[in-house]
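Because the structure is predicted, anything quoted here is derived from the model rather than measured. Naming convention: chains lettered A, B, ... in sequence-line order (proteins, then strands); numbering from 1 in each chain.
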Amino acid sequence: MLDAKMVRAQPEMIETALRNRNQIGLLENFLTLDNQRRTLLVEAEEIKKFRNEASQEVGRQMKQGLTSDDLVDRVRQAGQKIKELDQKLNEVESAIENIMLNLPNIPDASVPVGANEESNRVVRRWGEPRQFEFEPQAHWDIGPDQGILDFERAAKLSGARYTVYKGLGARLERAIINFYLDTHVYQHGYEEIFPPFLVNRECMVGTGQLPKFAEDMFKIEGRELYLVPTAEVPLTNLYREEILEEKNLPRYMVAYTACFRAEAGSHGRDTRGVIRQHQFNKVELVKIVLPDQSFEELETMTQDAEKVLQLLGLPYRVVLLSTGDMGFSSAKTYDIEVWMPSYNDYKEISSCSNCLDFQARRTNIRYRPASKEKIRFVHTLNGSGVAVGRTVAAILENYQQEDGSVVIPTVLRPYMGGLEQIGQVQSRVD
RNA sequence: GGAGAGAUGGCCGAGUAUGGUUGAAGGCGCUCGACUCGAAAUCGAGUAGGCGGUUAAUCCCCGCCUCCAGGGUUCGAAUCCCUGUCUCUCCGCCA
């Protein structure tokens, strides 16, 4: 959520920023509603002041045994008027809130302006895409061939866009999760969290999934509970409605969760393999930091995410998203894209965002400065560290051998019981 | 699932049977000051958040709101009534 005072003070600036995000005309009603709100508020407050003073006077009079029916009557009428004004005020305020909750964050000045991903800027690359001396296969072929991914039986259980991992495939998934968690906890200093996978509506509003993107989420029938689309939601909301001490900042958290997305509006995209699923695993990083440190923290968080790909030996590039391609809550986002031979292109495997105080306002997470200044909103950041299913796909494709087997990256071998490759040596049961 | 208890400031905890100057006693913590070579102890002072008015303005000053949330009763609600949420205890069930 944006600062209403800022929107009021410089609507042109906000309007421009929104246009860069392909959002037009959202501010029109805000200014008039905002004026209405203050008029009503001042009027209601005046009458409330009268009521407070007068009812105290009534109390004094009653103690002395003399009551003024006239005064009592006037206070009663004031009460009626207050009720009316408060009701109007409520309507205006919920209309304002409705606008505010649907306004995306303002892109940072360093973000390239553009309508879509074509304006994204590649900021660096790591590793060289491998030159294959044979025709490389896609992971959606390698997986079933090796008996480690089963899309057909997954469809029998749950439908399209689900995957069953079997044998060493399941173990590989689990190994990657552990490798990511261990790296971020023991090398990068994040606190490991294991949160619920179901969260309430307030959490979803807090991080910005709701109210605007309800169709992307799975909701539990008959309850106000949602399956988490990313661990960003529970992690960021951990400190909702809290005032943190400055000495306890920054907070670095990492969590593995399954993630659930209805992916409405993405039909026909990435239909093969594990790239776009309704359920997938992800290790997520979240930082809660002091306002003047958030951009620095975004850089280090992105590097933390890159590190695991480097350790896995997977070539990637880092892309600064343009204004038109950024997520709703973000002011600045780096995507990390891993080399995917089946696409003959880089494919998103992580997204690292600085949300500034946008989510902090929605979740009301603040901190008390050590210097006794006023309480302020924290800044929040989140980044994938990184998507697990896409890592499996990248490993299968980048480490495949001509005979169909797949070499296991050395850093994962301790997590795989020392196993050096998948395929050939293992016994399979179809 | 059944029965009961509870939710008050950064924390603990009074106030709720008898509604009124209680944004809220007391304690802890914290900040500043005194004492001290310094520290501890002691003593003194201060210490909620939000919204709005005013203002060049963060400061002051003034007002309104907030004692889990939402309704209601009343001239007036932390206190009375209703609904909801959450927490705790006991019983049952369960991985």
Side-chain angles (χ1 to χ4, degrees), chain A residues 1-10 30-97 99-101 194-206 220 222-226 234 237-249 251 258 288 290-292 357 360-378:
Chain A
M1 196 146 58
L2 301 175
D3 181 359
K5 284 180 193 153
M6 184 173 71
V7 180
R8 190 186 300 153
Q10 27 194 342
F30 174 81
L31 294 173
T32 47
L33 285 169
D34 185 58
N35 272 324
Q36 268 180 43
R37 183 182 89 91
R38 271 175 301 160
T39 309
L40 286 167
L41 192 63
V42 169
E43 194 181 347
E45 283 185 359
E46 264 171 31
I47 303 175
K48 281 177 185 173
K49 185 185 177 188
F50 164 74
R51 180 180 64 180
N52 290 343
E53 289 170 351
S55 62
Q56 274 187 25
E57 175 62 22
V58 170
R60 274 192 294 273
Q61 289 178 355
M62 283 181 122
K63 240 169 221 166
Q64 293 168 19
L66 38 103
T67 52
S68 156
D69 290 343
D70 176 55
L71 187 57
V72 169
D73 208 52
R74 277 164 58 206
V75 177
R76 187 182 289 131
Q77 283 169 16
Q80 274 304 316
K81 185 70 181 166
I82 288 168
K83 202 178 259 181
E84 287 169 28
L85 287 171
D86 275 350
Q87 198 183 334
K88 273 188 216 163
L89 197 58
N90 274 337
E91 286 166 18
V92 171
E93 280 181 339
S94 64
I96 290 173
E97 196 191 355
I99 292 174
M100 295 302 284
L101 285 177
F194 191 69
F197 291 5
L198 285 169
V199 297
N200 59 29
R201 180 185 169 82
E202 286 71 35
C203 290
M204 288 297 200
V205 172
I220 303 302
R223 297 174 192 247
E224 207 53 60
L225 283 175
Y226 300 80
N237 277 283
L238 257 190
Y239 294 101
R240 196 172 79 216
E241 307 289 344
E242 290 193 39
I243 300 172
L244 307 171
E245 296 298 328
E246 177 172 346
K247 64 172 189 279
N248 294 328
L249 294 175
R251 302 211 63 87
I288 297 180
L290 296 174
D292 59 348
D357 61 3
R361 282 178 194 286
R362 290 171 160 249
T363 48
N364 202 24
I365 305 175
R366 296 169 293 173
Y367 77 99
R368 196 182 302 281
S371 58
K372 277 245 154 188
E373 292 163 53
K374 271 188 66 172
I375 286 172
R376 300 182 61 188
F377 287 109
V378 298

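Residue contacts shown for A:Arg74 are absent, as no nucleic acid heavy atom lies under 4.0 Å away. Residue contacts shown for A:Ile243 are absent, as no nucleic acid heavy atom lies under 4.0 Å away. Across all strands shown, A:Val58 has heavy atoms under 4.0 Å from base atoms, whether or not it also approaches the sugar-phosphate. Nucleic acid contact class of A:Lys247 (heavy atoms, under 4.0 Å, all strands): none. No engagement by A:Arg361 is indicated, since no non-hydrogen atom pair under 4.0 Å with the nucleic acid exists.
Looking at A:Arg362, its side chain does come within 3.5 Å of a backbone N or O of A:Val205 through a donor-acceptor pair.
Spacing of P atoms, B:G4 relative to B:C11, comes out at 31 Å, to the nearest Å. For the P atoms, the distance linking B:U85 with B:C28 amounts to 39 Å, nearest Å. Nucleotides B:G9 and B:G50, compared at atom C1', are 14 Å apart to the nearest Å. B:G26 sits 41 Å from B:C91 when the P atoms are compared, rounded to a whole Å. Rounded to a whole angstrom, the distance from the C1' atom of B:A77 to that of B:C65 is 14 Å. Look at the C1' atom in both B:G49 and B:U42: the space between them is 33 Å, to the nearest Å. Rounded to the nearest Å, the gap between the P atom of B:C68 and that of B:C12 is 14 Å. With both ends at atom C1', the span from B:A25 to B:A14 equals 6 Å, rounded to whole Å.
Legend: residues meeting ring pair (Phe, Tyr, Trp, His ring centres under 6.0 Å) with A:Phe194, ordered by chain and number and at least two apart, are A:Phe197.
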Its contact letters, B for base, S for sugar-phosphate only and - for none at protein heavy atoms under 4.0 Å, make nucleotides 59-72 of chain B read ----BBS-------
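Taking for each of A:Met62 and A:Val72 the nucleotide of RNA chain B with the nearest heavy atom, the 5'-most of the two is the partner of A:Met62. Place A:Gly59 and A:Arg37 on RNA chain B by their nearest nucleotides, and A:Gly59 ends up nearer the 5' end.
In textbook terms, a nucleotide whose glycosidic angle is within 90° of 0 is syn, and B:A17 is one such case.
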Could you please spell out the steps behind the side-chain contact (heavy atoms from CB on, under 4.5 Å) verdict for A:Leu89 and A:Glu43? CA-CA 10 Å; A:Leu89 197 58; A:Glu43 194 181 347; over 6 Å; no
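One finds a salt bridge joining A:Arg60 and A:Glu57 here, because a Lys/Arg side-chain nitrogen approaches an Asp/Glu carboxylate oxygen to under 4.0 Å. A salt bridge links A:Asp73 to A:Arg76: one of the charged nitrogens lies within less than 4.0 Å of a carboxylate oxygen. Ion pairing between A:Asp292 and A:Arg376 fails under the 4.0 Å rule for side-chain N and carboxylate O.
Residue A:Arg38 places none of its side-chain N or O atoms closer than 4.0 Å to OP1 or OP2 of B:G52. Checking the phosphate oxygens (OP1, OP2) of B:G20, no side-chain nitrogen or oxygen of A:Arg60 falls inside 4.0 Å.
The distance between atom NZ of A:Lys5 and atom C1' of B:A57, rounded to the nearest whole Å, is 13 Å. Rounded to whole Å, the distance from OH on A:Tyr239 to P on B:G10 is 18 Å.
For A:Val42, counting side-chain heavy atoms from C-beta on, the closest listed nucleotide (B:G49, B:G53, B:C75) is B:G53.
Heavy atoms of other residues, nucleotides or ligands lying less than 6.0 angstrom from CD of A:Glu84 number more than 12.
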